[in-house]
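Note that this is a predicted model, so its numbers are computed, not measured.
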Amino acid sequence: MTLANTSSSTPLVVIEDKQYERYDRPYSKDLTLCIIHDRENRKMLLGMKQRGLGQGKWNGFGGKLEPGETVLQAAVREVQEECGLTVREEELVKVAHLTFAFTSSPTLLHTHVLLLPTYSPTLHGLPKPSPEMVPKWFREDEIPYGEMWTGDRYWWPRVLGGEKLRGRFLFEDDQVGIRESEIRVVTEEEELY
Ligand SMILES: Nc1nc2c([nH]c(=O)n2[C@H]2C[C@H](O)[C@@H](COP(=O)(O)OP(=O)(O)OP(=O)(O)O)O2)c(=O)[nH]1
């Protein structure tokens, strides 16, 4: 094990084995999280969550898979519902599988993170607010990590930098403190999910 090179004081443990899924919880849910990147103009679309888990935080767009849906189908649907953009499954790149748990919650959240690398208004339309999310563009160097999930500063920049990651975060029940976190790079040969 090695400590990741991060600028913050919270150490992030990088693991080389498959410990990332080892939180023992009786229930699990599959979720999507889509990062909309306008690479050419060096900006990213985030949404301010209006309700539910993560309310009051900036995040990408996503939510629970509906029965019978694939990850990609759910991602396309959630992006459309939450910010009005039309994306196609083939455009989405699988960039991370992150497992989130909370100290007193019996449910593991398996979050499938996807990236739309090249947003274009002509292809995807213009973002519009929904009851769930109020979208806003941020410059790449002004991502508001202080108003996002606490763990995001550790993996978001790496995903934007082209790395494929697996990780797990055990949050305190206040959904702010991180009791434990691990992350590792996925090898070329490995299926991400
Ligand atoms: N960026 C980031 N996203 C997270 C973290 N933890 C976490 O659950 N999420 C994401 C995954 C999902 O996209 C979203 C939660 O799913 P959701 O939006 O369906 O939750 P909800 O409670 O509002 O669900 P619903 O009842 O409205 O269906 O938050 C985290 O640490 N960082």
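Formation of a donor-acceptor pair under 3.5 Å by the D174 side chain with backbone atoms of V176 is found in this model. Looking at E81, its side chain never comes within 3.5 Å of a backbone N or O of V79 through a donor-acceptor pair. For Q55 (side chain) and Q50 (main-chain N/O), a donor-acceptor pair under 3.5 Å exists by modelled atom type. In this structure, the side chain of R158 does not engage the main chain of V185 through any donor-acceptor pair within 3.5 Å. With hydrogens and angles ignored, the 3.5 Å screen pairs no side-chain donor or acceptor of D152 with any backbone N or O of W155. Of the possible polar contacts, one joining the D173 side chain to the S104 backbone as a donor-acceptor pair under 3.5 Å is found. Between the side chain of Y119 and the backbone N or O of G125 there is at least one donor-acceptor pair closer than 3.5 Å.
Within the 4.5 Å cutoff, side-chain heavy atoms of M148 are placed close to those of L46. Using a 4.5 Å cut-off on side-chain heavy atoms (C-beta onward), R51 and E132 make contact. You'll find the side chain of I178 stays beyond 4.5 Å of the side chain of L170, heavy atoms only. F100 has its side chain out of reach of L108: every pair of non-hydrogen atoms, C-beta onward, lies at least 4.5 Å apart. Side-chain contact between H124 and T86 is absent, with no heavy atoms from C-beta onward closer than 4.5 Å. Side chains of S28 and L109 form no contact here, defined as non-hydrogen atoms less than 4.5 Å apart. Using a 4.5 Å cut-off on side-chain heavy atoms (C-beta onward), D30 and H112 make contact. Residues V159 and L165 meet the side-chain proximity criterion, which asks for heavy atoms closer than 4.5 Å.
A single hydrophobic cluster is not seen to contain both L123 and L45; linkage of ILVMFWY side chains at heavy-atom distances under 4.5 Å, directly or through other members, places them apart. The cluster map of Ile, Leu, Val, Met, Phe, Trp and Tyr, joined by side-chain heavy atoms under 4.5 Å apart, puts L116 and L126 in the same cluster.
Residue W149 is tested with F171, F169, W156 for a ring-ring contact (aromatic ring centres under 6.0 Å, His included); the sole match is F171. Of the candidates S130, C83, P127, F61 forms a side-chain contact (heavy atoms from CB on, under 4.5 Å) with just one, namely C83.
Residues L53 and K49 come closest through the heavy atom pair O-NZ, 2.7 Å. Annotation for T32 and E78: closest pair OG1-CG, 4.0 Å, computed over non-hydrogen atoms. When all heavy atoms of V71 and L65 are compared, the closest pair comes out as N-CD2, 4.0 Å. The nearest pair of heavy atoms linking R39 to E140 is O-OE2, 4.5 Å. Residues A74 and E69 share a closest heavy-atom pair of CB-OE1, 3.3 Å. Scanning both residues, L115 and H37, for their nearest heavy atoms gives CD1-CB, 3.9 Å.
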Q: Test side chain to side chain contact (heavy atoms under 4.5 Å, CB included) on L98 and V113 and set out the steps.
A: CA-CA 7 Å; L98 303 174; V113 186; 3.9 Å; yes

(Q) Before you tell me yes or no, could you show the steps for I143 and L160 under side chain to side chain contact (heavy atoms under 4.5 Å, CB included), namely the whole-Å CA-CA distance, both residues' side-chain angles and the distance that decides it to 0.1 Å? (A) CA-CA 12 Å; I143 299 175; L160 288 183; 3.9 Å; yes

Q | CA sep, side-chain torsions, deciding dist, call: M133, N59, side chain to side chain contact (heavy atoms under 4.5 Å, CB included) | A | CA-CA 9 Å; M133 284 287 206; N59 205 349; 4.2 Å; yes

Q: Walk me through it: do W58 and F138 pass the test ring-ring contact (aromatic ring centres under 6.0 Å, His included)?
A: CA-CA 11 Å; W58 293 105; F138 289 87; 4.9 Å; yes

Q | Derivation of the side chain to side chain donor-acceptor pair (under 3.5 Å) call for H110 and H97 | A | CA-CA 7 Å; H110 287 288; H97 179 183; 3.2 Å; yes

Q: Quick one: do L92 and L72 satisfy side chain to side chain contact (heavy atoms under 4.5 Å, CB included)? Show the steps, please.
A: CA-CA 8 Å; L92 298 176; L72 288 171; 4.0 Å; yes

Q. Under the salt bridge (charged side-chain N to carboxylate O under 4.0 Å, His left out) criterion, do R168 and E180 qualify, and how do the steps go?
A. CA-CA 8 Å; R168 64 174 191 168; E180 192 185 300; 3.0 Å; yes

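Other residues, nucleotides and ligands contribute over 12 non-hydrogen atoms within 6.0 Å of the CD atom of E90.
Between E147 and K57, none of the side-chain N atoms (NZ, or NE/NH1/NH2) sits under 4.0 Å from a carboxylate O, so this pair counts as no salt bridge. In this structure, E66 pairs ionically with R77, as a charged nitrogen and a carboxylate oxygen lie closer than 4.0 Å.
Going from atom OG1 of T187 over to atom CZ of R166 covers 9.0 Å, rounded to the nearest 0.5 Å. Atom-to-atom distance recorded for D141:CG and K43:NZ is 13.0 Å, nearest 0.5 angstrom.
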